[in-house]
Amino acid sequence: MRKLFDFHGGIHPAEHKHLSLDGPVTEAGIPPELVLPLAQHIGAAAEPVVAVGDRVLKGQLLAEANGFVSVPLHAPSSGTVTAIEERLIAHPSGHTATCIVLATDGRDEWTTLEPTADYRALEPDALRQRIRNAGIAGMGGAGFPTAVKLSPRPGSQVQTLIINGTECEPYITADDVLMREQAAELMAGVQILRHLLQPAQTLIGVEDNKPEAIAALRAALPAAPGAEIVVFPTKYPSGGEKQLIEILTGKQVPSGGLPLDVGVICQNVGSVAAIHDAVIHGRPLISRITTVTGEAVQHPGNFRVLLGTPMSYLLARTGYRMEKNRRLIMGGPMMGFAVPDASVPIVKTTNCLLAPTEAELPTPPPAQACIRCGLCAQACPASLLPQQLFWFARGKEYDKLEQHNLFDCIECGACSWVCPSNIPLVQYYRASKAEVLQLRRDNERAEHARLRFEARQERLAREEAEKLAKRAARKQAAEMRARATVQGSEPVEDPIQAAIDRAKAKKAAQQAGADNPAGELEKLEKAVVTTRARLDTATSKLEQARAEGSDLVEALQAGVEKTRTKLAAAEAALQNFQQANTSVPAAAAAVDPAEAAIQKALQSRQAEAQLSPEDKTRDQLGKLEQRLEKSRARLADSRDSGEDPKIIDALEATVTRLEEKRAALLAELPAPEDA
Ligand code: SF4
Ligand code: SF4
């Protein structure tokens with residue numbers, strides 16, 4: 001005999017389950033119109049893959065999963081897509097949401113299905129993908145995507161697989177009849193999950209108020225060797241995931257944690273049956289069993305309903321007496337909520353449609369002040385402090401609500417049920433959770449915006465720094481190029497030394513000529529021949545111009561004279577060289593122009609050395625201004641002629657540098673009034 005545990009709190013409300021347990025599950029039929037919300041689950045809404053006007057077959061994909069935590073949506077029957085639009089949905093706030101509207105054709109024509117011959121041959125991921133493709137989301141009412149729940153974190157071990165057949169909420173019997181009528185499929189589904197998760201133990205938990213279901217399960221149990229049926233006393237809310245885990249294993253899921261934190265995965269019996277259909281037959285989730293009950297319906301019972309069926313269509317099949325019904329509730333009396341209108345559709349999580357009379361489920365009387373009786377805390381299965389949560393919720397003290405584990409509240413309503421002051425405690429918690437979640441979303445959005453802003457600022461600063469660095473590098477390179485390419489207008493550090501260097505270079509060149517008389521002679525002779533040829537050309541052009549009476553005669557005459565002078569110089573140089581290299585080589589040294597230049601530069605240095613510091617500065621300033629003038633002229637020419645921007649950059653840098661030097665020299669001189 002397995003040892004059973006108990007959870008804190010809990011209550012024993014009247015069950016009213018007998019109302020809907022008279023007959024077998026009935027097919028609800030095909031309504032003329034199906035309204036299929038894209039979000040019938042927790043997570044991102046599915047993305048339509050059909051368009052208005054498309055004809056679709058039963059089981060055909062209508063919308064695909066839009067992210068990891070999402071599930072696809074399929075056509076519950078054959079027909080034509082007539083709209084994809086906002087429609088009223090079953091939601092406590094009376095929301096609208098995007099729905100695919102399907103006009104059924106009554107033929108109920110299936111698309112081609114892909115059954116699995118042997119699921120044991122499939123890899124776990126492929127098996128999970130089949131479950132995901134079938135669009136299964138927690139059918140106990142939570143709506144969490146089943147494939148996601150069956151994807152344990154890497155490294156985590158599933159010790160216990162729990163099949164939840166508890167169905168603890170009053171009135172609801174959908175799981176009860178499913179266990180009675182589909183025990184064999186259920187056990188086959190259990191085997192698929194055991195193959196997928198390889199748990200050490202598999203427990204099928206059922207409350208002792210379902211004897212027929214327990215008998216059916218026991219009869220089918222041999223098909224699931226290794227699984228164990230565990231029956232335990234009825235108490236509300238034993239069907240809560242954390243409460244069921246505690247009853248069957250004695251383990252408590254930590255606050256804010258998941259069942260897998262204690263090695264457990266739970267699946268509702270409805271989801272397990274859907275997994276069986278998906279894997280064995282390739283059938284997607286397109287219908288579910290829904291209990292229709294309450295004293296405002298004449299023929300309560302359980303119905304196999306196509307998803308998207310309007311509640312009004314289903315109610316019409318049960319002898320619904322609208323005049324007797326004050327509130328139409330989706331779910332049970334404890335955790336359900338009133339729907340805004342009977343036109344809203346049945347979705348994957350609709351386990352019950354409750355139509356009570358006023359006498360059966362009276363409107364709660366006005367709330368009174370809390371008398372601090374503590375009954376709510378005694379009843380709370382999550383070991384919370386409902387009274388404190390109530391105060392924090394009223395004061396909108398969100399931090400304190402979270403500190404007091406608001407999100408561990410499973411919204412079972414046990415606290416409200418026991419409260420002698422009729423305070424609708426659970427309504428406060430639901431509203432507060434929505435507000436906290438909205439606040440979190442707002443904060444996340446603000447944080448996201450802040451991070452994006454900071455990232456942008458960082459990027460701009462980085463780009464600016466890179467731009468400055470490039471500019472500095474360009475400027476430096478330009479200055480270097482300017483020194484190299486604009487040498488003529490460039491200052492040298494010591495102009496006298498530069499003159500000496502130039503003279504020495506000239507002398508060395510001459511010396512090279514002296515060292516190679518034959519080469520030098522050839523060069524000079526060539527110069528004479530070339531210049532003579534130019535003179536001949538210029539002379540013939542002049543004579544032609546004179547014959548034609550051209551205006552160019554004067555200019556050509558000047559050119560002829562200039563060339564003739566050059567020719568004379570070239571002939572003289574040749575003659576001098578020939579004389580120097582045949583008779584008196586030493587005579588050349590006596591008239592060496594290079595040596596003369598050196599002497600001149602040395603004299604200039606000596607003269608400069610004798611200047612006072614102020615005169616020396618003025619002298620430097622004068623020379624600098626000459627260079628500055630030349631550099632500015634060169635820059636202006638360069639700009640006017642549209643020269644290479646690199647050259648212009650270099651010239652600008654040179655002008656700037658000379659201006660800085662000029663300013664520095666001016667600063668060294670006494671002010672005009674001191675002079
Ligand atoms: S509704 Fe929340 S606070 Fe109230 S009893 Fe249930 S779990 Fe506890
Ligand atoms: S049960 Fe109601 S009256 Fe009693 S402490 Fe809780 S909130 Fe107050």
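These numbers were taken from a predicted model, which means no experiment stands behind them. Order of listing sets the numbers, starting from 1, for every ligand and every atom in it.
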Q: Take every heavy atom of Pro381, measure it against each atom of ligand 1, and state whether any distance is under 4.0 Å.
A: yes

Q. Do Arg87 and Glu33 sit within salt-bridge range, that is, some charged N less than 4.0 Å from a carboxylate O?
A. yes

Q.
Using a 4.0 Å cut-off to any heavy atom of Ser421, which atoms of ligand 2 qualify?
A. 3 (S)

Q. Can Lys235 and Asp6 be counted as an ion pair, charged N to O under 4.0 angstrom?
A. yes

Q.
I'd like to know if the side chain of Arg128 and the backbone of Ala147 have a donor-acceptor N/O pair within less than 3.5 Å.
A. no

Q.
Just checking: Cys370, one of its N/O/S atoms, less than 2.8 Å away from atom 4 (Fe) of ligand 2, yes or no?
A. no

Q: Determine, using heavy atoms of Ile371 and all atoms of ligand 2, whether some pair is separated by less than 4.0 Å.
A: yes

Q. Considering only heavy atoms, which of Cys409, Cys376, Pro237, Pro386 lies nearest to atom 2 (Fe) of ligand 1?
A. Cys409

Q: Give the residue, atom name and distance (to 0.1 Å) of the protein heavy atom nearest atom 7 (S) of ligand 1.
A: Ile410 N, 3.5 Å

Q. Quick one: CG on Asn268 to CD on Glu167, what's the gap to the nearest 0.5 Å?
A. 8.0 Å

Q) With atoms numbered from 1 as shown, which atoms in ligand 2 lie under 4.0 angstrom from a non-hydrogen atom of Arg372? A) 5 (S), 8 (Fe)

Q: Starting from atom 8 (Fe) of ligand 1, find the nearest protein heavy-atom neighbour and note its residue, name and distance.
A: Cys380 SG, 2.4 Å

Q) Would Lys149 and Glu241 pass as an ion pair if we require N to O under 4.0 Å? A) yes

(Q) Quick test of your reading of the model: are Arg430 and Glu411 salt-bridged, counting only N-O distances below 4.0 Å? (A) yes

Q: Determine, considering heavy atoms only, which of Gly374, Ala377, Cys415 sits nearest to atom 5 (S) of ligand 2.
A: Gly374

(Q) Looking at Glu444 and Arg441, is any side-chain nitrogen of the basic one under 4.0 Å from a carboxylate oxygen of the acidic one? (A) no

Q) Which heavy atom of the protein is the closest neighbour of atom 4 (Fe) of ligand 2, given with residue, atom name and distance? A) Cys373 SG, 2.3 Å

Q: Identify the protein heavy atom lying closest to atom 3 (S) of ligand 1, giving its residue, its atom name and the separation to 0.1 Å.
A: Tyr429 CE1, 3.5 Å

**Q.** Under 4.0 Å to a heavy atom of Pro420 - the qualifying atoms of ligand 2, by number
**A.** 1 (S)

Q) Is there an N/O/S atom in Cys412 at a distance below 2.8 Å from atom 6 (Fe) of ligand 1? A) yes

Q.
Taking the basic N atoms (NZ, or NE/NH1/NH2) and the acidic carboxylate oxygens, is any pair closer than 4.0 Å for Arg153 and Asp261?
A. yes

Q.
Do Gln378 and Val418 have side chains that approach each other closer than 4.5 Å (heavy atoms only, starting at C-beta)?
A. no

